[in-house]
**Q** 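Once you've had a glance at the structure underneath, I'll fire off some questions.
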Amino acid sequence: MPLPVPRILIPGLLLLAGTSTADNDLNWVDREEMATFPAVQQRSIPEWCGGIYYNPAVGIPVAGSDTVVTADHSTMSQNGLIELDGDVLIEQPGSRITTDSAQLDQATGKFQLENGMRLESDQATFIASSMSGQTRRKEGSLLGVRYSLFNTAARGSADYIFLNETSTTITRGTYTTCAPGSSGWSLEGERIYLDREKGWGEANNVVLKVKSMPIFWLPWMTFPIDDRRKTGLLFPTIAIGDSSGGLDITQPIYVNIHPQLDATIGPRFIDGRGQGVDSEFRYLTPWGQGDISYGVLFNDRKFDDEDRQVARWTHSGNINRWNLKTDFNYVSDDFYFKDLDTGLEISSQTHLPRLAEARYYGRTWQVLGRMQSWQTIDPTLADQDLPYRRLPQLQLTGDPTLYGPLKGLWLSDITAFERSGSDESGKATGLRAHMAPALNLRLQNSWAYLEPRARLYHTRYELSSVEANEKDNPDVTTWGASVDSGLFFERPSRWFGEDFTQTLEPRLFVNKVEFKNQDFLPNFDSRELTFSYNSLFRENRFIGYDRIGDEEKLALGLTSRFLHDATGREQLRLRLAQGFYFDDRRVITEQTVEDPTDDQTPLVGDARWNFARDWYLYTEAQWDLEENERERSSFQIGYNDRERRVVNVGYHDRPEDDIRESELSGILPIHRHWRMVGRWMYDLENKRTLETIAGAEYRNCCWKLRLLSQRELVDDDGDGDLEADSTLWIQIQMVGLGGFGGQVDSLLERSIPGYRRQYD
């Protein structure tokens, strides 16, 4: 019979905790059963897992809801003792208990469930031989328990479990995230404490078993039960490589200092080299977030017993309209990254940046302050090829409205250029001031635009370390004018049963920059732009302010887009452009990209086709019409479903530089649990492989195993000769417990375009 009991029993009984009849009694729902639920109740199941713990039958918790109790027999004594017998059901939205008999003392709040019980909620399932507790303190004790926890996809058993509002204590119990019937791994502990408020578990006298076999014993350990952080040991990172000297193992220790501060300290051992420490400190403040890392290898036996160090500080943040950024790098020697892989992207650079800058973004005016220098780690570079340091750089830009559509464009920049104290190139240093004010008038409507612009260029220097016959304060002034114009046409079209809007966008750009001799000026940071579609429509063909490129040019461009009417997505974009010169270019640098006497630029075209939701194709080509030969071409096709599949195929050809390379990379599932991972870069010109990465990953509900082999050509001695270097990477993760080999994710992120570790 039904017996309403308003909010007396359930708050004390259902503190943790799951449905319906699945292939086991812990509410494990496989794919077939999930498909039988109404659409509103269905939940996604990870591809690599056969099911999830889920219980839609108990409903959703409702605050303040009544508790309904039914039983075959019930009695209530004058002192408030309630006794229930036979098919006892105690439920409210979001939770329920079934048992054979129950007793509740309303005066004290004590309760007792005998002869077996089942506790279910939308968060967990507990099956026990008996349960007792206190409703007022909202706590309970279970004997002979099997349980499942939905949020962590965990299950286990215990001789005894104590529950309260914030924690679960498991005595002589087990814990695993493996699916029912699997013995992939499990923790067996004398005491396992799960703190839901802090998001971590703690185990005493614990044995880790793999396939029911004991692997190791620990007197104490902690592990995560959600995404929050806690101080403790992390699993080691292990690599085996040629250059590193063999086995390379790091044992990181995580330190949770504060919700906005944490650190990782990792003692490191490299066979054949020695011992060291890698460390990382992260912080979050009102002024932004940052990361400070430092690593040292003491007395490297393969490097004349010298200490080898690496450090990096990065910061990014905002204060009102100010954006702050730092990127400071240091390494003790040129060969550190070749010998000792760190998993950092900076390992592939030849100049390590040391940058601090602040930018102000106003509605009209922007300000930049920057300090920048470099540490060069390429021993083959001569002093004269090393970059200048900016100590400091100050810049002001803006576009104030003068009258109607007429705007003023302002650019001013003052930079002090310095060189290293050990530099013996004899190059000039000093101060450069540059101004480039302009008047700009943009006239536009829905089908056309016209934008004339006139600009004045002035650059002045205050130099030191100049030759006796050179000026120490040279300057140059010139002017330029341009007209940019375009038309927009569109028409409806239909392809493959879909409606599209096709556009046709012709563009005409005329540019004139007056010639001024600049051979007597130093060149701190200017170079000619690599030729491309976009470079045709720039005022100055140089970047940097030491050279103002003279030219009289007309550029013609044509763009056509296909826009999907239903989604607004750009399905296809085609572009074609060419420039024509009316005079030779006389301002050049040491590294000239184009022949300054050519009457026309190469014909350049590119196309991007998003031919499916997850696929794209991009190709670019440059053709010299005068010589009737190809100058450059590239091709890329990519697939990324933003989950687990990534494919990239590329080809790059630059005949004048003797570069012809192909690239193939991808992460491809071959089974619900298996993925292949790989990258292959091949030098077609010299018929040699530049880099290969090959490996496999296995993943199910409780394991993720990854094995990668990397082989690349590196210059170990700095003599320009490339030699093969191989590394074996191992990553093992027990889902819900932790793992080792985190550098594998860093390697894949920088090697395979489109890969993101969150897809895993």
Side-chain angles (χ1 to χ4, degrees), residues 440-453 480-496 498-513 528-541 549 551-565 567-583 585 593-595 598-611 615-638 651-654:
N440 189 82
L441 179 67
R442 185 173 179 89
L443 306 172
Q444 64 179 9
N445 55 29
S446 61
W447 54 271
Y449 74 90
L450 179 68
E451 187 173 8
R453 179 180 299 175
S482 65
V483 178
D484 194 4
S485 59
L487 299 172
F488 301 97
F489 303 100
E490 62 180 44
R491 68 172 184 177
S493 61
R494 188 171 180 84
W495 295 86
F496 308 108
E498 300 283 345
D499 291 326
F500 292 87
T501 297
Q502 180 187 2
T503 71
L504 190 65
E505 306 167 32
R507 183 178 184 182
L508 172 65
F509 178 75
V510 180
N511 189 45
K512 161 72 175 180
V513 177
E528 193 172 350
L529 279 167
T530 300
F531 179 72
S532 66
Y533 180 95
N534 292 326
S535 68
L536 280 171
F537 302 96
R538 282 177 51 95
E539 297 174 82
N540 187 10
R541 53 191 173 88
E551 68 176 17
E552 294 183 29
K553 182 180 69 178
L554 180 148
L556 295 173
L558 184 64
T559 300
S560 182
R561 310 173 199 267
F562 289 81
L563 308 175
H564 194 274
D565 288 353
T567 64
R569 186 186 186 197
E570 184 181 271
Q571 207 78 32
L572 176 64
R573 185 195 67 199
L574 305 169
R575 299 193 303 183
L576 192 67
Q578 187 176 16
F580 301 89
Y581 295 106
F582 303 107
D583 201 354
R585 278 75 61 212
V593 175
E594 295 184 69
D595 187 340
D598 283 345
D599 295 331
Q600 59 188 32
T601 70
L603 181 68
V604 57
D606 62 28
R608 183 180 176 96
W609 181 21
N610 301 305
F611 58 91
W615 286 91
Y616 78 91
L617 182 149
Y618 177 81
T619 182
E620 180 187 19
Q622 298 178 18
W623 193 270
D624 187 336
L625 295 178
E626 291 184 327
E627 300 294 334
N628 194 28
E629 63 182 13
R630 174 175 43 84
E631 285 202 348
R632 180 175 302 185
S633 60
S634 65
F635 171 88
Q636 299 172 23
I637 185 170
Y651 172 77
H652 309 279
D653 186 11
R654 300 209 307 266

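Nothing here was measured: the structure is a model prediction, and the numbers come from that model.
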**Q** Yes or no on side chain to side chain contact (heavy atoms under 4.5 Å, CB included) for D484 and R453, after CA distance, side-chain angles and deciding distance?
**A** CA-CA 8 Å; D484 194 4; R453 179 180 299 175; over 6 Å; no
**Q** Of all heavy-atom pairs between F537 and A555, which one has the smallest distance, and what is that distance?
**A** CE2-CB, 4.0 Å
**Q** For F509 and R538, work out which heavy atoms get closest and say how close.
**A** CE2-O, 3.7 Å
**Q** Nearest 0.5 Å, please: how far is CZ in F531 from CG in L536?
**A** 4.0 Å
**Q** Identify the two heavy atoms, one from K553 and one from S535, that lie closest to each other, and give their separation to 0.1 Å.
**A** NZ-O, 4.0 Å
**Q** Closest heavy-atom contact between A607 and L574?
**A** CB-CD2, 3.6 Å
**Q** Quick one: does S485's side chain have a donor or acceptor within less than 3.5 Å of a partner on L508's backbone?
**A** yes
**Q** Roughly how far apart are N610 CG and Y616 OH, rounded to 0.5 Å?
**A** 10.0 Å
**Q** List the steps and the verdict of side chain to side chain contact (heavy atoms under 4.5 Å, CB included) for F582 and V510.
**A** CA-CA 11 Å; F582 303 107; V510 180; 5.8 Å; no
**Q** Using a 4.5 Å cut-off on heavy atoms from C-beta on, say whether the side chain of L572 contacts that of F611.
**A** no
**Q** Rounded to the nearest 0.5 Å, how far does OG1 of T619 lie from CD1 of I637?
**A** 11.0 Å
**Q** As an exercise, state the distance from CD of E490 to CD of Q502, rounded to the nearest 0.5 Å.
**A** 10.5 Å
**Q** Main chain of T501, side chain of R561: is a donor-acceptor contact present, judged purely on distance under 3.5 Å?
**A** no
**Q** Carefully, step by step, assess E498 and Q571 under the rule side chain to side chain contact (heavy atoms under 4.5 Å, CB included).
**A** CA-CA 11 Å; E498 300 283 345; Q571 207 78 32; over 6 Å; no
**Q** Return yes if some donor-acceptor pair links the side-chain N/O of R585 with the main-chain N/O of D583 below 3.5 Å, else return no.
**A** yes
**Q** Any sub-3.5 Å donor-acceptor pair from N511's side-chain atoms to E539's backbone N or O?
**A** yes
**Q** With under 30° as parallel and over 60° as perpendicular, where do the rings of F500 and F562 fit, or are they tilted in between?
**A** perpendicular
**Q** Would you please say whether a donor-acceptor pair under 3.5 Å links the side chains of E451 and N440?
**A** yes
**Q** How many angstroms lie between atom NZ of K512 and atom CG of L554, to the nearest 0.5 angstrom?
**A** 14.0 Å
**Q** Would you indicate whether the side-chain heavy atoms of L487 and W447 approach each other to under 4.5 Å?
**A** yes
**Q** Is it true that, when you exclude W623 itself, more than 12 heavy atoms of the residues, nucleotides or ligands shown sit nearer than 6.0 Å to its CH2?
**A** yes
**Q** Side chain of N445, backbone of A448: donor and acceptor closer than 3.5 Å?
**A** yes
**Q** So does L556 get a backbone contact from the side chain of Q578, meaning a donor-acceptor N/O pair under 3.5 Å?
**A** no
**Q** With side chain to side chain contact (heavy atoms under 4.5 Å, CB included) as the test, would you mind laying out the steps for W495 and S493 before giving the verdict?
**A** CA-CA 7 Å; W495 295 86; S493 61; 3.6 Å; yes
**Q** If we ignore hydrogens and angles and just use 3.5 Å, is the side chain of T503 paired with the main-chain N or O of S560 as donor and acceptor?
**A** no
**Q** Which distance, rounded to the nearest 0.5 Å, do you find between the OH of Y581 and the CG of D595?
**A** 10.5 Å
**Q** For A577 and Y533, work out which heavy atoms get closest and say how close.
**A** CB-CE1, 3.4 Å
**Q** Is the backbone of R608 close enough, under 3.5 Å, to the side chain of R575 for a donor and an acceptor to pair up by distance?
**A** no
